[in-house]
Amino acid sequence: MDASIGELQKPFLDARQIDASRSIMGLDTQLIDDGTYFVVETDGGIAGCGGWSRRATLYGGDQTPGRSPVPLDPANDPARVRAMYTHPLHVRKGVGRLILSLCEETARSEGFKSIELMATLAGEPLYRACGYEPCERIVDDRGGVGVPLVRMRKQL
Ligand SMILES: CC(C)(COP(=O)(O)OP(=O)(O)OC[C@H]1O[C@@H](n2cnc3c(N)ncnc32)[C@H](O)[C@@H]1OP(=O)(O)O)[C@@H](O)C(=O)NCCC(=O)NCCS
């Protein structure tokens with residue numbers, strides 16, 4: 001995650017924005033406790049990770065304020081895609097696409113009709129390629145510097 005955040009956002013954010021983004025990204029251990037987080041391994045190392053959630057929090061790591069464990073209603077609420085990171089040595093090999101498909105399949109099997117996420121600019125091309133459409137652009141300045149983000153959604 002650290003390498004992914006530090007390296008892969010360089011084409012989109014300046015150094016201060018990358019630093020600031022660390023306060024609103026990273027692992028939410030609730031996803032591991034819920035059993036909705038995937039790790040893709042290759043040759044004994046981690047190639048990437050990411051997951052989904054049936055809880056209200058849209059994005060953020062354990063250190064991010066304002067997270068909510070409130071359960072979503074599959075009939076009315078979109079499920080969440082959360083914390084997608086591919087190691088810089090393993091980008092463009094389909095790791096992100098694989099994790100997204102696992103997330104969508106599992107969320108669909110639990111009755112969710114749509115799925116939503118808050119994308120970084122580095123993540124937006126992956127999500128567009130996988131059928132997600134932007135619905136809102138925001139700037140999160142909780143890390144001290146504004147970090148642009150885009151809310152995206154897909155029907156399941
Ligand atoms: C976003 C991220 C997870 C993508 O992971 P990935 O494993 O490289 O993605 P995939 O190999 O599955 O890509 C699938 C498709 O998405 C699109 N895509 C992915 N990364 C892209 C990029 N940097 N530029 C353009 N298109 C891209 C392409 O269409 C790609 O298919 P192709 O390689 O056959 O052309 C990775 O870049 C990353 O970790 N970024 C930094 C952390 C981050 O911002 N995470 C998102 C949080 S919301």
Side-chain angles (χ1 to χ4, degrees), residues 1-32 34 36-40 42 46-68 72 77-108 112-156:
M1 279 183 194
D2 190 46
S4 171
I5 293 170
E7 285 304 313
L8 300 177
Q9 295 196 106
K10 281 181 180 169
F12 304 94
L13 303 179
D14 66 29
R16 291 176 66 223
Q17 287 175 308
I18 291 175
D19 261 3
S21 75
R22 291 183 190 280
S23 65
I24 52 167
M25 296 179 72
L27 179 61
D28 180 344
T29 46
Q30 177 85 67
L31 304 175
I32 295 174
D34 285 346
T36 56
Y37 205 62
F38 301 100
V39 170
V40 175
T42 179
I46 294 179
C49 50
W52 74 282
S53 181
R54 51 177 94 86
R55 299 180 188 273
T57 303
L58 184 57
Y59 69 104
D62 282 344
Q63 76 288 3
T64 309
R67 291 176 308 134
S68 166
L72 298 167
D77 301 322
R80 314 311 200 194
V81 171
R82 301 285 312 276
M84 298 279 301
Y85 301 99
T86 297
H87 190 282
L89 291 177
H90 296 289
V91 287
R92 305 302 287 269
K93 296 179 182 174
V95 171
R97 197 189 283 275
L98 169 64
I99 294 173
L100 271 185
S101 69
L102 292 170
C103 293
E104 291 167 10
E105 191 180 304
T106 323
R108 198 183 296 115
F112 283 94
K113 313 282 184 239
S114 62
I115 192 159
E116 193 171 285
L117 56 86
M118 190 64 86
T120 57
L121 297 187
E124 188 176 351
L126 165 68
Y127 304 125
R128 279 185 186 273
C130 293
Y132 289 73
E133 291 182 359
C135 42
E136 183 189 8
R137 290 193 180 268
I138 66 162
V139 174
D140 190 325
D141 58 9
R142 287 178 293 171
V145 181
V147 177
L149 298 170
V150 51
R151 189 178 190 120
M152 302 179 81
R153 187 178 287 196
K154 179 180 179 176
Q155 296 302 315
L156 289 176

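In what follows, every heavy atom counts, from backbone to side chain, and hydrogens, waters and symmetry copies are set aside.
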Checklist line | Reference residue Leu58; test side-chain contact (heavy atoms from CB on, under 4.5 Å); the match among Glu116, Arg67, Arg82 | finding: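 That would be Glu116.
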Next item on the list: Could you check Val40, Val39, Val95 and say which one makes a side-chain contact (heavy atoms from CB on, under 4.5 Å) with Ile46?
Entry: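 The single option meeting the side-chain contact (heavy atoms from CB on, under 4.5 Å) with Ile46 is Val39.
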Notebook entry, point to check: Taking NZ, NE, NH1 and NH2 as the nitrogens, is one of them in Asp77 or Arg54 under 4.0 Å from a carboxylate oxygen of the other?
Noted result: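 No, no charged N to carboxylate O under 4.0 Å.
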Checklist line | Test log, rule side-chain contact (heavy atoms from CB on, under 4.5 Å), inputs Lys154 and Val81 | finding: CA-CA 10 Å; Lys154 179 180 179 176; Val81 171; over 6 Å; no
Next item on the list: Check the surroundings of atom CG in Leu8: do more than 12 heavy atoms from other residues, nucleotides or ligands lie under 6.0 Å from it?
Entry: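 Counting other residues, nucleotides and ligands, CG of Leu8 exceeds 12 neighbours.
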Just how far is it from atom [atom1] of [X] to atom [atom2] of [Y], taken to the nearest 0.5 Å?
X      : Y      : atom1 : atom2 : answer
Ile5   : Lys10  : CD1   : NZ    : 13.5 Å
Arg22  : Met1   : CZ    : CE    : 12.0 Å
Glu104 : Leu102 : CD    : CG    : 9.5 Å
Asp28  : Arg80  : CG    : CZ    : 12.5 Å
Thr86  : Arg92  : OG1   : CZ    : 11.0 Å
Leu156 : Ile115 : CG    : CD1   : 5.5 Å

Considering only heavy atoms from C-beta outward, does the side chain of [X] approach that of [Y] to under 4.5 Å?
X      : Y      : value
Asp140 : Met118 : no
Arg142 : Thr64  : yes
Met84  : Tyr127 : yes

I need the minimum non-hydrogen distance between [X] and [Y], along with the two atoms involved.
X      : Y      : value
Gln9   : Ser21  : NE2-OG, 3.0 Å
Trp52  : Ala79  : CE3-CB, 4.0 Å
Leu121 : Pro148 : CD1-CG, 3.6 Å
Gly143 : Ser23  : CA-OG, 3.2 Å
Arg97  : Cys130 : CG-SG, 3.8 Å
Tyr85  : Gly26  : OH-N, 2.7 Å

Note to self: Using the side chain to side chain contact (heavy atoms under 4.5 Å, CB included) criterion, which residues pair with Ile32? Sequence neighbours excluded.
What the structure shows: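 For Ile32 the side chain to side chain contact (heavy atoms under 4.5 Å, CB included) partners, ignoring immediate neighbours, are Leu27, Tyr37.
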Checklist line | Non-neighbouring partners of Asp14 that pass side chain to side chain contact (heavy atoms under 4.5 Å, CB included), sequence neighbours left out | finding: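 With neighbours one apart ignored, the set is Arg16, Gln17.
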Notebook entry, point to check: Given Leu117 and Tyr132, is the side-chain contact (heavy atoms from CB on, under 4.5 Å) satisfied, shown in steps?
Noted result: CA-CA 9 Å; Leu117 56 86; Tyr132 289 73; 3.7 Å; yes
Next item on the list: Carefully, step by step, assess Met152 and Glu133 under the rule side-chain contact (heavy atoms from CB on, under 4.5 Å).
Entry: CA-CA 5 Å; Met152 302 179 81; Glu133 291 182 359; over 6 Å; no
Notebook entry, point to check: Do we see a donor-acceptor contact under 3.5 Å between the side chains of Gln30 and Ser53?
Noted result: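 There is no such pair (donor and acceptor under 3.5 Å, judged by atom type) between the side chains of Gln30 and Ser53.
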Check: Should Met25 and Val147 be marked as a side-chain contact (heavy atoms from CB on, under 4.5 Å) after you check the CA-CA gap, both sets of side-chain angles, and the distance that decides it?
Finding: CA-CA 11 Å; Met25 296 179 72; Val147 177; over 6 Å; no
